[in-house]
Amino acid sequence: VLLSPSFLPRLRQLSAHFLTTTASSSSLFLRRTTTSTMAAPAYASELQIAQLAVQRASILTKRVFHEKAKGTVDKNDKSPVTIGDFGAQALIIAALQHHFPEDAIVAEEEAAQLREDANLKQTIWDLVSSTKLDDPAAEELLGGPIKDIDSMLELIDRGNSLGGSSGRIWTIDPIDGTKGFLRGGQYAVCLGLMVDADVKVGVLGCPNLPIDDAARLTADIGANATDEGRGVLFSAVQGHGATSRALTAGALAAEKPIAMRAIDDLSKATFCESVEAGHSAHDDQALISKKLGITEPSVRMDSQAKYGSIARGAGDIYLRLPVKATYQEKIWDHAAGDLIVREAGGQVTDIHGKRLDFGVGRTLANNKGVIAAPAAVHDKVLQVVKEVLGAKQA
Ligand SMILES: Nc1ncnc2c1ncn2[C@@H]1O[C@H](COP(=O)(O)OS(=O)(=O)O)[C@@H](OP(=O)(O)O)[C@H]1O
Ligand SMILES: [Mg+2]
Ligand SMILES: [Mg+2]
Ligand SMILES: [Mg+2]
């Protein structure tokens, strides 16, 4: 039984519990916990695989980021998708499939367009098949390379789950902030695990954010910026706090706990919002900020890098007020960020004060907009949001 093929994934899953990385070395070490009865930390294996999978996918997105031609195609909804989005999704799902083959996956992209375009498919395959972690043990832990081009397409389409309120469901945004990615700004590789609709693990790879948690919040990475001093991996496990570490190309770097800034005077707060005016209502957000007494201009930044930034105290408030009443936010745009902010001492709700409900499908159909702020001041921010939006409707 132990050596039967069906047992292998479970065996890998178990062994991952006993694998841990060390900051001082670029390789993974097998480290046994002291007694066999000692419980592994909650979701330790899921966290480690998620972090390494996001790191590996980030290597691929960085390669594409530095290319002038990013292989952009338009999706049905006219939003852009690049070879980086498809490639990163394939690599993340390959690692999840290797370790947790029974789990459902809700991912943003699908392979339909690639099946019809041989060149596009080949370009992505060239990229995917030549991207690996530079630490052999870590790469092997993720299951190594994808077998062939057809397997790659199948893996991309494994992300087609409809989601729901029960069981284990991963959610992936292979490149969040694709428009920022194309503009040369911030973007994030996002992965979350929900169990019965509750986010248990959240990981965000932000290749263009400064490694330094104390760096001033800025969306601008500067023309001709290099990767020097950039690249952060944010993580959280429910009930275990949030951390940041340098994003590497191999084994995991040493982690540091992160926390939101304690702000007693809201006028000193910094708030961040989307770059695209079509994604959140800049005018309403400006009014709210003014009513809160905030004097600093907002920092406009693409992607869930906003959640990571406020979680480490580089900013304080993230407002995402709806532009269109009909738009439903996607679960992959929020799951990891929601957990990371809450584990860092924040609160995240919609504009009605409801927690984000990840259990109703691929979208946040029960929510409108997002307000993320330090727990102590969230109510005050919510109150002002309600005043401003209420006055508009009156
Ligand atoms: N109309 C509308 N309203 C709200 N949100 C929308 C809308 N259209 C798209 N999207 C989603 O926005 C995701 C990017 O969010 P950002 O916060 O990065 O926006 S912005 O680019 O900075 O403006 C973006 O994620 P990616 O597609 O992964 O980039 C979309 O899922
Ligand atoms: Mg998109
Ligand atoms: Mg997104
Ligand atoms: Mg995306």
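Just so you know, ligand 1 is whichever comes first in the structure, and atom 1 is the first atom listed for that ligand. Basis for what follows: all heavy atoms, side chains included, without hydrogens, waters or symmetry-related copies.
- With hydrogens and angles left out, the side-chain atoms of Q51 and S235 include a donor and acceptor closer than 3.5 Å.
- When the N, O or S atoms of E108 are ranked by distance to the Mg ion (ligand 2), OE2 comes first.
- The shortest contact between atom 31 (O) of ligand 1 and any protein heavy atom is with D333 OD2, 2.5 Å.
- Residue contacts with ligand 1, taken as heavy atom pairs separated by less than 4.0 Å, do not involve V323 at all.
- Using modelled atom types, one finds a donor on one side chain and an acceptor on the other under 3.5 Å when comparing D85 with T178.
- Taking 4.0 Å as the cut-off, K306 counts as a neighbour of ligand 1 on heavy-atom distance.
- Checked against a 3.5 angstrom limit, the closest N/O atoms of Y327 and ligand 1 fall inside it.
- Annotation: T178 places an N or O atom under 3.5 Å from an N or O atom of ligand 1; distance criterion only.
- Listed by atom number, the atoms of ligand 1 under 4.0 Å from G177 heavy atoms are 18 (O), 26 (P), 28 (O), 29 (O).
- Residue contact check for ligand 1: R300 places no non-hydrogen atom closer than 4.0 Å to it.
- No side-chain donor-acceptor contact under 3.5 Å links E296 and T270.
- Around the Mg ion (ligand 3), the angle linking D333 (OD1) with D176 (OD1) is 90°, rounded to 10 degrees.
- Of the N and O atoms on the side chains of E109 and Q89, not one donor lies less than 3.5 Å from an acceptor on the other residue.
- Annotation: S274 places an N or O atom under 3.5 Å from an N or O atom of ligand 1; distance criterion only.
- A donor-acceptor contact closer than 3.5 angstrom is absent between the side chains of R342 and Q347.
- A donor-acceptor pair shorter than 3.5 Å cannot be found between the side chains of T363 and E329.
- Aromatic pair F234/Y307: ring centres not closer than 6.0 Å.
- Of all protein heavy atoms, the one lying nearest to atom 1 (N) of ligand 1 is G278 O, 3.2 Å.
- Side-chain N/O atoms of D213 and S244 include a donor and acceptor closer than 3.5 Å.
- Within a 6.0 Å sphere centred on CD of E110, heavy atoms belonging to other residues, nucleotides or ligands number 12 at most.
- At least one N/O-N/O distance between E108 and ligand 1 falls below 3.5 Å.
- Ligand 1 has at least one atom lying under 4.0 Å from a heavy atom of D173.
- Taking a 4.0 Å cut-off on heavy atoms, Q304 fails to register as neighbouring ligand 1.
- Coordination check, E109 versus the Mg ion (ligand 2): failed, since every N/O/S atom of the residue sits at 2.8 Å or beyond.
- A donor and an acceptor atom, one from each side chain of D126 and T123, are nowhere located under 3.5 Å apart.
- Nearest non-hydrogen protein atom to atom 23 (O) of ligand 1 is E276 N, 2.5 Å.
- Note: L356 CG to I371 CD1 = 10.0 Å, rounded to the nearest 0.5 Å.
- Between the side chains of H66 and D227, at least one donor-acceptor pair of N or O atoms lies under 3.5 Å.
- Scanning the protein for heavy atoms near atom 19 (O) of ligand 1, the closest one is H279 ND1, 2.8 Å.
- If you look at F271 and Y318, their ring centroids are not closer than 6.0 Å.
- Looking at R320 against ligand 1, only its side chain comes within 4.0 Å, counting heavy atoms.
- Ligand-side atoms of ligand 1 in range of D302: 18 (O), 20 (S), 21 (O), 22 (O), range being under 4.0 angstrom from any heavy atom.
- Among heteroatoms of the N, O or S kind in D173, OD2 lies nearest the Mg ion (ligand 3).
- Remark: of the listed residues T171, I172, L204, V201, I172 is the sole one forming a side-chain contact (heavy atoms from CB on, under 4.5 Å) with L191.
- Considering backbone and side-chain atoms alike, D176 places an N or O below 3.5 Å from some N or O of ligand 1.
- Atoms of ligand 1 found under 4.0 Å from any heavy atom of E329, numbered from 1 in the order shown, are 4 (C).
- Given atom 18 (O) of ligand 1, the protein heavy atom at minimum distance is S303 N, 2.4 Å.
- In this structure, D77 does not count as a contact residue of ligand 1, since none of its heavy atoms falls inside 4.0 Å of the ligand.
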